[in-house]
Enquirer: 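There's a structure below that I have some questions on.
One-based numbering, in listed order, for ligands and for the atoms of each.
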Amino acid sequence: MEIKKGIGVSPGVVICRAFVLDTEEFPIPERHVDAAAAKGELERLRQAVVDSKRDVVLLRDRMADQIGDETAAIFDFHLRMLDDKVMLRRVRDVVRDQGVTAEHAVATVFRDYAKEYLNMPQFWAERVKDVHDIQKRLLRNLIGQSRATLDHLDRDVALLAHDLTPSQTASLDRSHVLGLATDAGGRTSHTAIVAHALGIPAVVGLKDVTLSVQPGQTVIIDGNRGVVVIDPDEATIAEHRHYVRRLAEMERQLVALRDLPAVTRDGHEITLMGNIEFPQEAATVLEKGGAGIGLYRTEYLYLGSESEPTEQQHYDAYCQAIALAAGRPVVIRTLDLGADKYTQDRALVPERNPMLGLRSIRYCLRNIPLFKTQIRAVLRAALTGPVSLLFPLITNLMELRQAKMIVRDVIEDLEEEGVEFMADVPIGMMVEVPSAALMCDAFAREVDFFSIGTNDLVQYTLAVDRGNERVASLYTAAHPAVLRLIKDVVRAGQRHDVSVSLCGEIASDPEFTLLLLGLGLRVFSIAPPAIPEIKRIIRSVTLEQAMLIARKAMTFDSDKQVTSYLRDQTRRLVPDAF
Ligand code: PEP
Ligand code: MG
């Protein structure tokens with residue numbers, strides 16, 4: 001049994017067999033073979049080694065021609081390893097002794113090798129990349145080119161991967177993936193957000209969990225405590241089963257809140273909406289007791305498909321979400337592509353710093369036809385229900401004005417074509433970069449609403465990559481600088497009579513609810529599974545209590561003080577909150 005600590009990003013606990021994806025997205029098979037078949041496996045292994053050596057020689061020669069012998073010498077290490085008798089014997093022994101496929105044996109032996117290298121002095125530790133490379137080459141030659149398709153699994157699994165691309169997360173077979181654990185990722189990385197939205201227990205930022213787990217092994221993924229237990233013993237399984245039953249009981253109690261309003265004990269009504277990535281999720285938001293869709297992240301339309309969606313596909317998706325929201329408001333955010341989503345894979349020259357690059361509204365303003373296609377669909381779909389339009393990552397007034405001009409152009413086009421649409425759609429902007437927060441008075445004169453995106457606001461204020469596990473401990477919305485920006489935006493909204501909502505992940509975190517209420521926020525959009533819990537906290541406190549807590553929290557000058565104060569106060573007022 002081994003226990004790994006990461007970052008719990010989606011609550012819930014699951015006990016399940018592991019399905020492991022290697023770093024190149026190959027699934028590592030766990031198929032067992034009998035003694036007769038083992039001979040065939042050894043022959044497949046021999047052939048894969050021959051093929052791999054041939055590949056490496058070709059690569060080495062090409063590099064030598066293009067760059068020179070020195071760089072090409074790196075491949076000599078690969079060749080030596082592929083010829084290493086000890087390594088080959090270890091793989092063959094695993095096939096024979098454990099009765100498993102050659103792929104499984106390669107994965108097992110190379111996992112051990114990688115660990116051994118990582119424990120060596122630096123020069124050798126750096127060679128771990130080469131070890132991974134050789135493993136991948138061998139697996140590629142064994143498995144062929146078949147990549148993991150996560151949309152067609154035939155049994156329930158806990159998915160373990162180095163990281164998941166947005167398109168992989170978008171195409172997950174939700175009926176069979178019961179839990180998720182990744183080496184990489186931070187609290188608001190896309191894997192974390194999608195797992196939370198789908199209600200799949202998840203732990204990210206585990207660094208090397210894929211090196212420690214054998215495919216098919218039992219694992220416990222505890223998204224509440226941010227822990228993964230590999231190969232748990234009977235006592236640990238029993239303890240977790242008990243915990244799962246307790247969580248289910250708490251969940252049942254929360255369901256009772258579904259039809260009750262999100263109103264504080266002193267009678268202040270709060271609007272609690274849900275964030276969605278896929279139109280079908282609009283139904284989940286209502287089931288959980290949400291008052292509408294406060295953030296529809298439409299880029300997942302792109303991430304789940306091979307080709308660019310047509311206007312009709314946009315339109316159908318929006319109409320579906322609007323219909324499922326059954327008359328409640330739906331805030332459709334225009335494409336937030338770029339950074340780690342979509343555009344890098346397709347770019348001829350990937351950006352050096354994509355988080356600061358051509359992403360989001362910037363990307364749309366450089367790709368006007370793509371932008372107009374989406375806006376046409378939104379305005380047409382707005383005839384079927386109450387829709388607002390939200391622009392992401394606005395950093396200056398020019399961008400906002402340009403985006404609004406495109407909306408006007410689209411309106412003119414639709415009028416000229418005689419297509420039916422709704423012109424009177426409220427327009428808002430995300431406040432998710434410091435420049436927008438600092439200039440919110442100027443922006444407030446030109447928008448109908450603000451939506452504060454703390455996931456990015458934290459990243460850009462603190463200069464901490466939201467998806468990088470190595471700096472995850474520095475990523476916190478409790479930093480006083482972030483809190484001041486949030487407070488300023490809320491105040492500007494009040495001054496200009498512009499509604500302000502908050503749709504970053506902290507709105508789903510019970511620890512922040514009192515502070516956010518106390519700072520003056522009255523509209524939240526959160527991951528659907530978190531709606532009942534946040535509603536319970538809202539219904540357990542008075543606004544006066546929340547305001548006192550916020551006032552005190554704003555006097556601290558370190559995030560640690562803020563966090564521990566908020567935790568204590570939340571426990572004091574809502575003892576069974578977490
Ligand atoms: C945010 O940045 O807080 C946000 C809600 O948007 P996303 O997580 O999609 O970047
Ligand atoms: Mg954002």
Side-chain angles (χ1 to χ4, degrees), residues 9-10 166-167 169-170 185-198 202 204 272-278 281 285 293-304 331-344 354-364 388-395 399 403 428-437 449-468 475-479 482-483 485-486 489-490 500-509 512 516 521 523-528 530 534:
V9 290
S10 177
S167 36
T169 343
R187 206 167 287 289
T188 60
S189 53
H190 56 80
T191 308
I193 286 174
V194 176
H196 199 182
L198 299 178
V204 304
L272 201 50
M273 303 204 275
N275 294 346
I276 63 169
E277 282 73 31
F278 310 100
E281 283 178 276
V285 173
I293 313 304
L295 171 66
Y296 178 1
R297 293 183 165 100
T298 56
E299 52 279 4
Y300 281 82
L301 264 174
Y302 276 69
L303 305 176
V331 180
I332 302 182
R333 185 175 72 184
T334 59
L335 297 165
D336 194 17
L337 295 169
D340 54 347
K341 295 183 204 143
Y342 185 78
T343 54
Q344 291 299 296
M355 284 294 183
L356 303 181
L358 189 63
R359 64 168 291 207
S360 199
I361 195 74
R362 304 170 184 174
Y363 183 81
C364 288
S388 308
L389 196 56
L390 175 62
F391 297 130
L393 208 84
I394 297 285
T395 57
E399 275 167 349
M429 61 176 262
M430 298 278 300
V431 180
E432 52 183 345
V433 293
S435 63
F449 64 98
F450 285 141
S451 187
I452 305 178
T454 45
N455 303 342
D456 277 313
L457 189 61
V458 172
Q459 146 164 283
Y460 293 124
T461 305
L462 306 183
V464 179
D465 180 346
R466 62 192 263 189
N468 183 343
Y475 182 95
T476 168
H479 193 298
V482 177
L483 299 183
L485 291 177
I486 296 175
V489 179
V490 175
V500 182
S501 66
L502 194 144
C503 62
E505 289 296 294
I506 59 160
S508 311
D509 184 342
F512 280 92
L516 298 176
L521 280 150
V523 186
F524 299 103
S525 191
I526 68 182
I534 300 298

Enquirer: Hey, does I193 sit under 4.0 Å from ligand 1 if you only count heavy atoms?
Expert: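 Yes; I193 lies near enough to ligand 1 that a heavy-atom distance drops under 4.0 Å.
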
Enquirer: Kindly give the heavy-atom pair with the smallest separation between T461 and P434, and that separation in Å.
Expert: OG1-CG, 3.4 Å

Enquirer: Is L356 close to Y460 at the side-chain level, that is, under 4.5 Å between some pair of heavy atoms?
Expert: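 Of all side-chain heavy-atom pairs linking L356 with Y460, at least one is under 4.5 Å.
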
Enquirer: Counting from 1, what ligand 1 atoms have a heavy atom of G504 closer than 4.0 Å?
Expert: 3 (O)

Enquirer: Between L295 and ligand 1, find which residue part has any heavy-atom pair under 4.0 Å and reply side chain, backbone, both or neither.
Expert: side chain

Enquirer: Is there a side-chain contact between I193 and E505 (heavy atoms, below 4.5 Å)?
Expert: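 Yes - at least one pair of side-chain heavy atoms lies under 4.5 Å apart.
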
Enquirer: Can you list the ligand 1 atoms lying under 4.0 Å from a non-hydrogen atom of E432?
Expert: 1 (C), 2 (O), 6 (O)

Enquirer: So if I count the atoms of ligand 1 from 1 in the order they appear, which ones are less than 4.0 Å from some heavy atom of N455?
Expert: 1 (C), 2 (O), 3 (O), 4 (C), 5 (C), 8 (O)

Enquirer: For a quick test of reading the model, state the closest non-hydrogen atom pair linking G186 to V204 and the distance between them.
Expert: O-CG2, 3.6 Å

Enquirer: With the side chain counted from C-beta on, respond yes when L457 and L502 share a heavy-atom pair under 4.5 Å apart, and no when they do not.
Expert: no

Enquirer: So I452 and V500, do their side chains get closer than 4.5 Å, heavy atoms only?
Expert: yes

Enquirer: Check ligand 1 against R466 and write out every atom of the ligand that is under 4.0 Å from a heavy-atom position of the residue.
Expert: 2 (O), 7 (P), 8 (O), 10 (O)

Enquirer: Distance under 4.0 Å to a non-hydrogen atom of R297: what atoms of ligand 1 satisfy this?
Expert: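 Heavy-atom distances to R297 below 4.0 Å select 4 (C), 5 (C), 6 (O), 7 (P), 8 (O), 9 (O).
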
Enquirer: Run the contact test for M430 against ligand 1 with a 4.0 Å cut-off on heavy atoms, strictly below, and give the result.
Expert: yes

Enquirer: Quick one, E432 and N455 - any side-chain contact, counting heavy atoms below 4.5 Å?
Expert: no

Enquirer: Relative to ligand 1, is E505 under 4.0 angstrom through side chain, backbone, both or neither, heavy atoms considered?
Expert: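 Answer for E505: neither.
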
Enquirer: I would like to know whether L295 and V331 meet side-chain contact (heavy atoms from CB on, under 4.5 Å); could you show each step before the answer?
Expert: CA-CA 5 Å; L295 171 66; V331 180; 5.8 Å; no

Enquirer: With respect to E299, determine whether any N or O atom, backbone or side chain, lies less than 3.5 Å from an N or O atom of ligand 1.
Expert: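 In fact, backbone or side chain, E299 has no N or O that close.
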
Enquirer: If we set the cut-off at 4.0 Å for heavy atoms, which region of D336 has an atom near ligand 1: side chain, backbone, both, or neither?
Expert: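 Contact part for D336 vs ligand 1: side chain (C-beta onward).
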
Enquirer: Say whether R333 and ligand 1 are in contact under the criterion: heavy-atom distance to a ligand atom below 4.0 Å.
Expert: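 Per 4.0 Å heavy-atom rule, R333 contacts ligand 1.
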
Enquirer: Quick one: does F449's side chain get under 4.5 Å of V523's, heavy atoms only?
Expert: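 When only atoms from C-beta onward are counted, V523 and F449 do not touch, as no gap falls below 4.5 Å.
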
Enquirer: Of the side chain and backbone of T454, name the one, both, or neither that has a heavy atom under 4.0 Å from an atom of ligand 1.
Expert: backbone

Enquirer: Using the salt bridge (charged side-chain N to carboxylate O under 4.0 Å, His left out) definition, which of the options R362, R297, R359 pairs with D336?
Expert: R359

Enquirer: State, with a plain yes or no, whether a side-chain heavy atom of Y300 is found less than 4.5 Å away from one of V194.
Expert: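 The answer is yes, as the side chains (C-beta and beyond) meet within the 4.5 Å cut-off.
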
Enquirer: Mind listing the protein N/O/S atoms less than 2.8 Å away from the Mg ion (ligand 2)? Waters don't count.
Expert: E432 OE1, D456 OD2

Enquirer: Can you confirm whether M430 sits close enough to C503 that some side-chain heavy atom of one is under 4.5 Å from a side-chain heavy atom of the other?
Expert: yes

